Amino acid sequence: MPQSTPPESPKIVFPCDYPIKVIGNAAPDYKDFVCRVILKHAPDFDGSAIVRDSRNGKYMSVNVTIRATGEDQLKALFEDLKASGRVSMVL
């Protein structure tokens, strides 16, 4: 039997609109914090975000869409968010 190769993941074509969800412990300034970090890496980010609290109020998610210019930009942004100590997960 011939061995089949797994299908490749689709490649992202830059620049593109790129949605990001940032999850961390709920705090009054969490959205502002996330937006400040994103602005460092995506200066054209307009600051619009959708904020949702978890069911029990312990966590908060901030959903944004940026104009991504490349993999290096996304990698640096994700690392900066995670290194802050305030972010549990970036999707």
Side-chain angles (χ1 to χ4, degrees):
M1 249 188 202
Q3 189 173 7
S4 63
T5 58
E8 287 188 33
S9 298
K11 298 285 184 189
I12 299 173
V13 178
F14 295 103
C16 66
D17 290 338
Y18 194 88
I20 301 171
K21 178 184 274 192
V22 184
I23 302 168
N25 290 327
D29 69 333
Y30 190 68
K31 174 189 173 245
D32 293 336
F33 155 74
V34 170
C35 289
R36 276 194 311 273
V37 174
I38 289 173
L39 272 168
K40 285 176 27 183
H41 298 277
D44 59 345
F45 173 59
D46 66 4
S48 60
I50 297 170
V51 179
R52 290 192 178 96
D53 294 323
S54 65
R55 186 180 318 211
N56 65 6
K58 182 176 180 182
Y59 297 100
M60 184 178 281
S61 70
V62 179
N63 298 326
V64 300
T65 300
I66 66 167
R67 188 72 179 161
T69 58
E71 289 182 29
D72 292 340
Q73 175 201 32
L74 293 176
K75 183 178 177 185
L77 171 58
F78 286 20
E79 287 176 359
D80 207 6
L81 286 166
K82 290 178 184 177
S84 70
R86 296 188 68 180
V87 174
S88 303
M89 192 180 314
V90 181
L91 305 170

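Position 1 is the first residue of the sequence; numbering continues from there. Side chains are part of it too, since the values below use all heavy atoms of this structure and drop only hydrogens, waters and symmetry mates. For clarity, every value in this text was computed on a predicted model and none was experimentally measured.
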Chemist: With clusters defined by side-chain heavy atoms of hydrophobic residues (ILVMFWY) lying less than 4.5 Å apart, directly or transitively, does Leu39 cluster with Leu74?
Modeler: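 Same cluster: Leu74 reaches Leu39 through Ile, Leu, Val, Met, Phe, Trp or Tyr contacts under 4.5 Å.
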Chemist: Should side-chain heavy atoms under 4.5 Å link Ile, Leu, Val, Met, Phe, Trp and Tyr, which residues sit in the same cluster as Ile50?
Modeler: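 None; Ile50 is a cluster of one.
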Chemist: Could you work out, with side-chain hydrogen bond (donor to acceptor under 3.5 Å, both in side chains) as the rule, every residue matching Thr69, not counting sequence neighbours?
Modeler: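 For Thr69, the residues satisfying side-chain hydrogen bond (donor to acceptor under 3.5 Å, both in side chains) (neighbours in sequence not counted) are Gln73.
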Chemist: What pairs meet the side chain to side chain donor-acceptor pair (under 3.5 Å) rule with one or both residues in residues 22-32, with sequence neighbours excluded?
Modeler: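 Counting only pairs at least two positions apart or across chains, the side chain to side chain donor-acceptor pair (under 3.5 Å) contacts touching residues 22-32 are Asp29-Arg86.
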Chemist: Evaluate the side chain to side chain contact (heavy atoms under 4.5 Å, CB included) criterion for residues Val62 and Phe33: first the C-alpha distance (whole Å), next the side-chain angles of each, then the deciding distance (0.1 Å), finally the verdict.
Modeler: CA-CA 10 Å; Val62 179; Phe33 155 74; over 6 Å; no
Chemist: Pairs in or reaching into residues 56-66: which pass side chain to side chain donor-acceptor pair (under 3.5 Å), with residues at least two apart or in two chains?
Modeler: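 For residues 56-66, and leaving out neighbouring residues, the side chain to side chain donor-acceptor pair (under 3.5 Å) pairs sorted by first residue read Ser54-Asn56.
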Chemist: Minimum heavy-atom separation for Ile38 and Val64, please, with both atom names.
Modeler: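 Here Ile38 and Val64 meet closest at CD1-CG2, 3.4 Å.
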Chemist: Taking side chain to side chain contact (heavy atoms under 4.5 Å, CB included) as the test, write out the residues that go with Phe78, two or more places apart.
Modeler: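 For Phe78, the residues satisfying side chain to side chain contact (heavy atoms under 4.5 Å, CB included) (neighbours in sequence not counted) are Tyr18, Ile20, Val90.
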Chemist: Any non-hydrogen side-chain atom of Ile66 less than 4.5 Å from a side-chain atom of Leu77?
Modeler: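 Counting from C-beta outward, Ile66 and Leu77 do come under 4.5 Å.
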Chemist: Between Gly47 and Cys35, which heavy-atom pair has the shortest distance, and what is it?
Modeler: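 Between these two residues, the closest heavy atoms are O-SG, 4.0 Å.
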Chemist: Would you mind listing every side chain to side chain donor-acceptor pair (under 3.5 Å) that reaches into residues 34-46, with sequence neighbours excluded?
Modeler: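 As it turns out, the side chain to side chain donor-acceptor pair (under 3.5 Å) pairs with a partner in residues 34-46, which skip direct neighbours, are Lys40-Asp80, His41-Asp80, Asp46-Ser48.
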Chemist: Would you kindly confirm whether Ile23 and Val37 end up in one hydrophobic cluster when ILVMFWY residues are joined by side chain heavy atoms under 4.5 Å apart?
Modeler: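 No.
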Chemist: What heavy-atom pair brings Ile12 and Cys16 nearest, and what distance separates the two atoms?
Modeler: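 It is CG2-SG, 3.6 Å.
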